[in-house]
Amino acid sequence: MLKDKVKALAGEYLDQITNTRRYIHANPELSFEEYKTSAFVASQLKEMGITNIEKKANTGLVALIEGKNPSKKIIALRADMDALPIVEQNDVPYKSTNEGVMHACGHDVHTASLLGAAKILNGVKDEFEGTIKLIFQPGEEKIPGGASLMIKDKALENPKPEAIVGQHVMPLIDAGKVGFRKGMYMASADELYLTVKGKGGHGAMPETLVDPILIASHIIVALQQVVSRNASPKIPTVLSFGHIEAKGATNVIPNEVKIQGTFRTLNEEWRAEAHKKMVKIAEGLAEGMGGAVDFEVRKGYPFLKNAPELTDRAYKAAQEFLGEENVEDLDVWMAAEDFSYYTQEMDGCFYRLGIRNEEKGITSGVHTPTFDIDESALEVGAGLMAWIAINELSQG
């Protein structure tokens, strides 16, 4: 059976996939600076005999694996390549050699897994019909998101896929397992930047001032009612402020206060409405207290929706490939992913790859300086992605 052949090849290539992941992990590059990573990926594809490679969005790549009757059906597989500005604290042979930059979100895993899947698929291309489009994108971690730039640069055209599949590491799931959720899965994510303006001066003379710290405090508290009293309880919504900057002193009131935060939800209509409400509340409060506020909403990624029928098929394919006990159901996740841009264009399925191993002490979350994976997960990461693609090509 082809499924058994794919499983065998995933095991056979595990050492190579692991070495690939370690090389990428040791040589991380920030968003939209993935020049060496992109060149490495291209060289790996060429070694496999995959030569129809196109550059997209500067550091992104698109390549094709054509089976029999290549125009019958086209499926895309996606991986992201960028790293984060984090100082790695792991003491491992493949520790980052680029000080202050780290693959702390598993994009090294995603890229190595897709390269592994490509090797498997290219080796069995005479046994399936259709075409697999490989998408290696830059800049998932940074607005406007590499996915949006890849789409603008026609990465989804010539040929156009019917659907796209992606995966992401999940430290909460054990290695050897995966997780799926159909329908709404991940939130939109917008960045909020406020500058509250007043009139500073000596803290002992409040009657001569317009205190921007006091105004900022009222704004932060008042904006929470957008979630508690304006959002429908049926729509997951999160508003958080993580940065407040007021350069005063114990007896010095500054002229302005800067605030930064994030707004996330799973409904585009409510998202647009909430933006207007937040700005209106902040401006009204600031004006009422004698000050002013500049409120910038930087729109980030849209919500991510997994196409139900595609996700059902991928779920069943995973059960066949890994066993039912190794496939989990996921809850809504309020983090954001620029894979969502693809799901606005076509049917998409974005699932989670387990990488946790408590016995080995591999439990750190993503975006932390001690993040790492149980590398046995790479066998699943490559093999399952290849099998889902083959299974999807066989449909209809």
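Bear in mind the structure is a predicted one, so any value in this text is a computation, not a measurement.
- For the pair T111 (side chain) and D108 (backbone), a donor-acceptor distance under 3.5 Å is absent.
- Within the 4.5 Å cutoff, no side-chain heavy atoms of H107 are placed close to those of M81.
- Counting only distance, with no hydrogens or angles, the side chain of S38 and the backbone of G60 share no donor-acceptor pair below 3.5 Å.
- Between D174 and K360 there is no salt bridge, since no side-chain N of the basic residue sits under 4.0 Å from a carboxylate O of the acidic one.
- Under the 4.5 Å side-chain criterion, counting only non-hydrogen atoms from C-beta, H275 is not in contact with K277.
- Listed here is the closest heavy atom pair of A318 and L384: CA-CD1, 3.6 Å.
- Of the possible donor and acceptor atoms, none in the side chain of N357 sits under 3.5 Å from a partner among the backbone N and O of I362.
- Taken together through direct or relayed side-chain contacts under 4.5 Å among Ile, Leu, Val, Met, Phe, Trp and Tyr, L134 and V109 form part of one hydrophobic cluster.
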L378 vs L14, test: side chain to side chain contact (heavy atoms under 4.5 Å, CB included). Steps then yes/no. CA-CA 7 Å; L378 292 164; L14 178 58; 3.9 Å; yes
CA sep, side-chain torsions, deciding dist, call: Q44, K119, side chain to side chain contact (heavy atoms under 4.5 Å, CB included): CA-CA 9 Å; Q44 292 294 299; K119 188 173 178 67; over 6 Å; no
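- Between D294 and E296 the shortest side-chain heavy-atom distance does not fall below 4.5 Å.
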Run the salt bridge (Lys or Arg N to Asp or Glu O under 4.0 Å) check on E337 and R78 step by step: do they pass? CA-CA 12 Å; E337 237 287 349; R78 172 269 201 175; 3.0 Å; yes
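- Not a single donor-acceptor pair under 3.5 Å links the side chain of K56 to the backbone N or O of I135.
- When all heavy atoms of A189 and A336 are compared, the pair lying nearest together is CB-CB, 3.4 Å.
- Minimum interatomic distance between L121 and A386 (heavy atoms only, all atoms of both residues): CD2-O, 3.6 Å.
- Under a hydrophobic clustering in which Ile, Leu, Val, Met, Phe, Trp and Tyr are joined whenever their side-chain heavy atoms come within less than 4.5 Å, directly or via other members, F350 and I388 fall into different clusters.
- Contact of the H202 side chain with the N251 side chain is registered, since non-hydrogen atoms from C-beta on lie closer than 4.5 Å.
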Please tabulate, for the side chains in residues 215-233, all donor-acceptor contacts under 3.5 angstrom to protein atoms that are two or more places apart in sequence or on a different chain.
residue : atom : partner : partner atom : Å
S217    : OG   : I213    : O            : 2.8
S228    : OG   : Q224    : O            : 3.4
S232    : OG   : K234    : N            : 3.1

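- Contacts classified as ring pair (Phe, Tyr, Trp, His ring centres under 6.0 Å) and involving residues 50-93 (residues at least two apart or in different chains) are not found.
- Between the side chain of D153 and the backbone N or O of L149 there is no donor-acceptor pair closer than 3.5 Å.
- Using a 4.5 Å cut-off on side-chain heavy atoms (C-beta onward), Y94 and D372 make contact.
- Follow the hydrophobic side-chain contacts under 4.5 Å out from I259 and you never reach I253; the two are in separate clusters.
- No more than 12 heavy atoms of other residues, nucleotides or ligands shown are found within 6.0 angstrom of CD on E99.
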Validation: residues 154-173 side-chain donor-acceptor distances under 3.5 Å, sequence neighbours left out:
residue : atom : partner : partner atom : Å
Q167    : OE1  : Y351    : OH           : 3.1
Q167    : NE2  : G381    : O            : 2.9
H168    : ND1  : R352    : NH1          : 3.2

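- Electrostatic pairing of R21 and E375 counts as a salt bridge here, judged by a charged N lying under 4.0 Å from a carboxylate O.
- Considering only heavy atoms from C-beta on, E268 comes within 4.5 Å of S188 through its side chain.
- The main-chain N or O of P236 is found under 3.5 Å from a side-chain atom of T265 such that the two form a donor-acceptor pair.
- Note: the hydrophobic cluster containing L77 does not contain Y342 (ILVMFWY, side chain heavy atoms under 4.5 Å, direct or indirect links).
- Rounded to the nearest 0.5 angstrom, N391 CG and R313 CZ are separated by 8.0 Å.
- Panel note: side chain E88, backbone S96; a donor-acceptor pair is recorded below 3.5 Å.
- Under the salt bridge (charged side-chain N to carboxylate O under 4.0 Å, His left out) criterion, D190 pairs with R271, sequence neighbours left out.
- When E34, E29, Q137, K36 are each tested for a side chain to side chain donor-acceptor pair (under 3.5 Å) with T59, only one passes: E34.
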Please evaluate residues D331 and R181 with respect to the criterion side chain to side chain contact (heavy atoms under 4.5 Å, CB included), reporting the C-alpha separation (whole Å), side-chain torsions for both, the decisive distance (0.1 Å), and the verdict. CA-CA 7 Å; D331 203 348; R181 179 182 178 83; 4.0 Å; yes
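- Of all heavy-atom pairs spanning A118 and L45, the tightest one is CB-CD2, 4.2 Å.
- Contact annotation: the side chain of L9 approaches that of V124 to within less than 4.5 Å [non-hydrogen atoms, C-beta and beyond].
- A donor-acceptor pair under 3.5 Å is formed between the side chain of D82 and the backbone N or O of E141.
- Looking at heavy atoms from C-beta onward, K73 lies out of side-chain contact with S394 at the 4.5 angstrom threshold.
- Around atom CD of E309, no more than 12 heavy atoms belonging to other residues, nucleotides or ligands sit under 6.0 Å away.
- Within 6.0 Å of CD on E12 lie more than 12 heavy atoms contributed by other residues, nucleotides or ligands.
- Looking at F303, F339, W333 one by one, the single match for side chain to side chain contact (heavy atoms under 4.5 Å, CB included) with Y185 turns out to be W333.
- Residues in residues 352-373 take part in no ring pair (Phe, Tyr, Trp, His ring centres under 6.0 Å) pair, two or more places apart or across chains.
- At least one donor-acceptor pair closer than 3.5 Å links the side chain of N255 to the backbone N or O of G200.
- Figure legend: K7 and F321 shown as a cation-pi pair, the cationic atom lying under 6.0 angstrom from the six-membered ring centre and within 45 degrees of its axis.
- Taken from CZ in F32 to NZ in K142, the straight-line distance is 7.5 Å, to the nearest 0.5 Å.
- Under 4.0 Å is where a charged nitrogen must lie from a carboxylate oxygen, and between R356 and E328 no such pair does.
- Of all the heavy atoms in Y301 and I143, the pair that sits closest is OH-N, 3.8 Å.
- Minimum interatomic distance between N90 and K95 (heavy atoms only, all atoms of both residues): O-CD, 3.0 Å.
- Side chain of T343 to main chain of N306: no donor-acceptor pair is present (N/O by atom type, distance under 3.5 Å, no hydrogens or angles).
- A single hydrophobic cluster is seen to contain both V178 and I390, as judged by linkage of ILVMFWY side chains at heavy-atom distances under 4.5 Å, directly or through other members.
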Step by step, work out the side chain to side chain contact (heavy atoms under 4.5 Å, CB included) result for E273 and E269. CA-CA 6 Å; E273 182 184 346; E269 290 76 18; over 6 Å; no
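- Remark: E256 pairs with K258 by the salt bridge (charged side-chain N to carboxylate O under 4.0 Å, His left out) rule, at least two apart or across chains.
- Counting heavy atoms of neighbouring residues, nucleotides and ligands inside a 6.0 Å radius, atom CG of N52 exceeds 12 of them.
- Enclosure of atom CD in E359 is not indicated, since only 12 or fewer non-hydrogen atoms of other residues, nucleotides or ligands lie within 6.0 angstrom.
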